[in-house]
Amino acid sequence: MIIVPVAIFCAFVAKDLLDKFPHHLGIFIMAIAIIFTVYDLFLLLLTSGRDPGIIPRNEHPPEPEEDYDASTSTADWGGGQTPRLRLPRMKDIMVNGVAVKIKFCDTCMLYRPPRCSHCSICNNCVERFDHHCPWVGQCIGQRNYRYFFMFVFSTTLLCIYVFAFCWVYIKKIIEERQVNVWRAMLKTPASIVLIVYTFIAVWFVGGLTAFHIYLISTNQTTYENFRYRYDSKVNPYHRGLVQNFIEIFFTSTPPSKNNFRAKVRREPIGYGDVTSAIDTDTLDTNMGKGGGDLEMGSKPSWPSLGYEIPEDPEDFQVQSFEGSDTRGGIQHPRRSSWGRKSGSWEITPDIIALAAGVGGEVSREKRANGVNTPPGNR
């Protein structure tokens, strides 16, 4: 979308303009177009290949605070990975005298810093998250927003440059051949294609440039602006027009918090590792035991499934046989809807016949194998 139009411009427009200006000034038209394109692609590389400000994930959940109210309802927690921890879902911190809420990220297991958000596409928490740009294939955040704006702005200028000199070339044709504008345009179809292309493109990149100039002047991010966070309250990050631009373009970029060249540690996390990372005193007692066992990956306990474990193992064997289905030699927990007519609890005749047949086969197999049924189970 950048290289091909510029190549067409240099091959069919700028080349013919080399001798159209005195003192060989026409060569600067092609040189500026090439330099501008290289600069634009360099900014694109910085935007897409730079760490936008990814916050490394915690291997374990943070420790709960001592002053946190343990009676906090678990309804405040969503369906994330850590709903059983007694951690506040949100915290209030002060930024320039204004209370700002920060949220706990279930995926990264950390409290997001102010202006940080979790990108659903990259699946990372990004500092000063602006948006995820599909054109560059990267999140736009604290460490690459400056280069993203410069890339969009330079692309706008490149579109205007190509658009303007295409019309200059058409004007030169009109003056040399003494024809009207329509006949001159037919003499250079490449210029017509570039004029249409750049005219359409400049509305997108030019509009995006104007929008981000407004965001920089008010010290907002695209994410914050779309959520209308500062329509009815004070923006704690607004420092004035000049200071806002200085913050974006003339401050040092913070170093990356990630070492992307480091070797990945292959440490499988087992059940013991997960439970050891979570203090048992912080578990929510309102959660069901069965639900907790299933969530943590352990085998469900019998009471959580509705079975009562008696002290006598023989009684438990009887209860489990009576409360299960033995079709195909596989026991299933009893379900109220099996063998029941619609609207009643009467056992249907086909289920009775099937149960009698299965019971007879089991008895014949036991007699054939010499196994006697205990008197208490007959």
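Along the sequence shown, residues carry numbers from 1.
- No side-chain heavy atom of N244 sits under 4.5 Å from any side-chain heavy atom of S217.
- Rounding to the nearest 0.5 Å gives a distance of 12.5 Å between CD1 of I248 and CD1 of I213.
- Other residues, nucleotides and ligands contribute at most 12 non-hydrogen atoms within 6.0 Å of the CZ atom of F250.
- If you chain together hydrophobic residues whose side chains sit under 4.5 Å apart, F42 and Y147 fall into the same group.
- Contact annotation: the side chain of M90 never approaches that of I102 to less than 4.5 Å [non-hydrogen atoms, C-beta and beyond].
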Donor-acceptor contacts under 3.5 Å from residues 135-144 side chains, at least two apart:
from	atom 1	to	atom 2	distance (Å)
Q138	NE2	S48	O	3.2
Q138	NE2	R50	O	3.1
R143	NE	P254	O	2.7
R143	NH1	D51	O	2.9
N144	OD1	G141	N	2.7
N144	ND2	T47	O	3.1
N144	ND2	C139	O	2.9

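- By the 4.0 Å N-to-carboxylate-O rule, D106 lies close enough to R89 to be salt-bridged with it.
- Residues M1 and Y197 come closest through the heavy atom pair O-OH, 2.8 Å.
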Check: Given the rule in the side chain to side chain contact (heavy atoms under 4.5 Å, CB included) test, do C116 and F129 qualify, once you have shown the distances and angles that lead to the verdict?
Finding: CA-CA 5 Å; C116 173; F129 177 77; over 6 Å; no

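- The shortest side-chain heavy-atom distance between R183 and R177 does not fall under the 4.5 Å cut-off.
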Cut-off 3.5 Å, no hydrogens considered: what does the side-chain donor-acceptor table look like for residues 152-164, sequence neighbours left out?
from	atom 1	to	atom 2	distance (Å)
S154	OG	D40	OD1	2.6
S154	OG	M150	O	2.9
S154	OG	F151	O	2.9
T155	OG1	D40	OD1	3.0
T155	OG1	D40	OD2	3.0
T155	OG1	F151	O	2.7
T156	OG1	V152	O	2.9
T156	OG1	V205	O	3.1
T156	OG1	T209	OG1	3.1
Y161	OH	I29	O	2.8

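- The CZ atom of F9 sits 9.5 Å away from atom OG1 of T37, with the distance rounded to the nearest 0.5 Å.
- Remark: D19 CG is loosely packed, at most 12 non-hydrogen atoms of other residues, nucleotides or ligands lying under 6.0 Å away.
- Taking CG of L17 as the start and CE of M30 as the end, the distance is 9.0 Å to the nearest 0.5 Å.
- Counting heavy atoms from C-beta on, the side chains of V126 and S117 never come closer than 4.5 Å.
- Residues satisfying the side-chain hydrogen bond (donor to acceptor under 3.5 Å, both in side chains) test with K15, not counting sequence neighbours, are none.
- Residue Y39 is grouped with residue V6 when hydrophobic side chains (ILVMFWY) are merged at heavy-atom distances under 4.5 angstrom, including chains of intermediate members.
- The shortest heavy-atom contact between N235 and N219 is ND2-O, 3.2 Å.
- R112 meets the salt bridge (charged side-chain N to carboxylate O under 4.0 Å, His left out) test with no other residue; sequence neighbours excluded.
- Other residues, nucleotides and ligands contribute more than 12 heavy atoms inside 6.0 Å of the CD1 atom of I192.
- In the model, Y223 has no side-chain atom that pairs as donor or acceptor with a side-chain atom of D130 under 3.5 Å.
- The ring of H212 has its center closer than 6.0 angstrom to the ring center of Y145.
- A 4.5 Å side-chain heavy-atom check between W167 and K172 finds every atom pair outside the cut-off.
- Side-chain heavy atoms closer than 4.5 Å link hydrophobic residues (I, L, V, M, F, W, Y) into clusters, and following such links, even through other members, never connects M185 to V193.
- Residues I34 and L194 do not share a hydrophobic cluster, clusters being chains of Ile/Leu/Val/Met/Phe/Trp/Tyr side chains in contact below 4.5 Å.
- Across all non-hydrogen atoms, the minimal contact from F199 to V202 is O-CG1, 3.2 Å.
- At distances below 3.5 Å, not a single donor-acceptor pair connects side-chain atoms of D92 with backbone N or O atoms of A99.
- In the displayed structure, R239 atom CZ is contacted under 6.0 Å by at most 12 heavy atoms of other residues, nucleotides or ligands.
- Taking OG1 of T107 as the reference point, atom CG of N124 lies at 9.5 Å (rounded to 0.5 Å).
- Contact of the R146 side chain with the L43 side chain is not registered, since no non-hydrogen atoms from C-beta on lie closer than 4.5 Å.
- Apart from I55 itself, the hydrophobic cluster it occupies contains L110, where clustering links Ile, Leu, Val, Met, Phe, Trp and Tyr at side-chain heavy-atom distances under 4.5 Å.
- Between F12 and S191 the shortest side-chain heavy-atom distance does not fall below 4.5 Å.
- Geometrically, K20 does not engage Y169 in a cation-pi contact, judged by NZ or CZ lying under 6.0 Å from the ring centre and within 45° of the ring axis.
- Between E247 and V242 the shortest side-chain heavy-atom distance does not fall below 4.5 Å.
- In this structure, the separation between CZ on R57 and CD on E59 is 12.0 Å, given to the nearest 0.5 Å.
- Qualifying side-chain hydrogen bond (donor to acceptor under 3.5 Å, both in side chains) partners for N123, counting only residues two or more places apart in sequence or in other chains: H118.
- Scanning both residues, N258 and I54, for their nearest heavy atoms gives ND2-O, 2.8 Å.
- Between the NE2 atom in H238 and the CD atom in Q243 there is a gap of 11.0 Å [rounded to 0.5 Å].
- Heavy atoms of other residues, nucleotides or ligands lying less than 6.0 angstrom from CZ of F249 number more than 12.
- In terms of heavy atoms, L18 sits closest to G26 at CD2-O, 3.6 Å.
- Using the six-membered ring where Trp is involved, F211 and Y214 have ring planes that are tilted, between 30° and 60° apart.
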Next item on the list: In sequence, state the C-alpha distance, the side-chain angles, and the governing distance for E224 and R115, and then conclude on salt bridge (Lys or Arg N to Asp or Glu O under 4.0 Å).
Entry: CA-CA 8 Å; E224 293 170 350; R115 314 191 86 174; 3.0 Å; yes

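- Two different hydrophobic clusters hold I93 and V98 under the rule that ILVMFWY side chains link at heavy-atom gaps under 4.5 Å.
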Checklist line | From CA spacing to verdict: side chain to side chain contact (heavy atoms under 4.5 Å, CB included), I200, F204 | finding: CA-CA 7 Å; I200 296 174; F204 291 97; 3.9 Å; yes

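- The two residues V179 and A184 come nearest to each other via the heavy atoms CG2-N, 3.9 Å.
- Salt bridge E175/K171: present, at least one basic N to carboxylate O contact under 4.0 Å.
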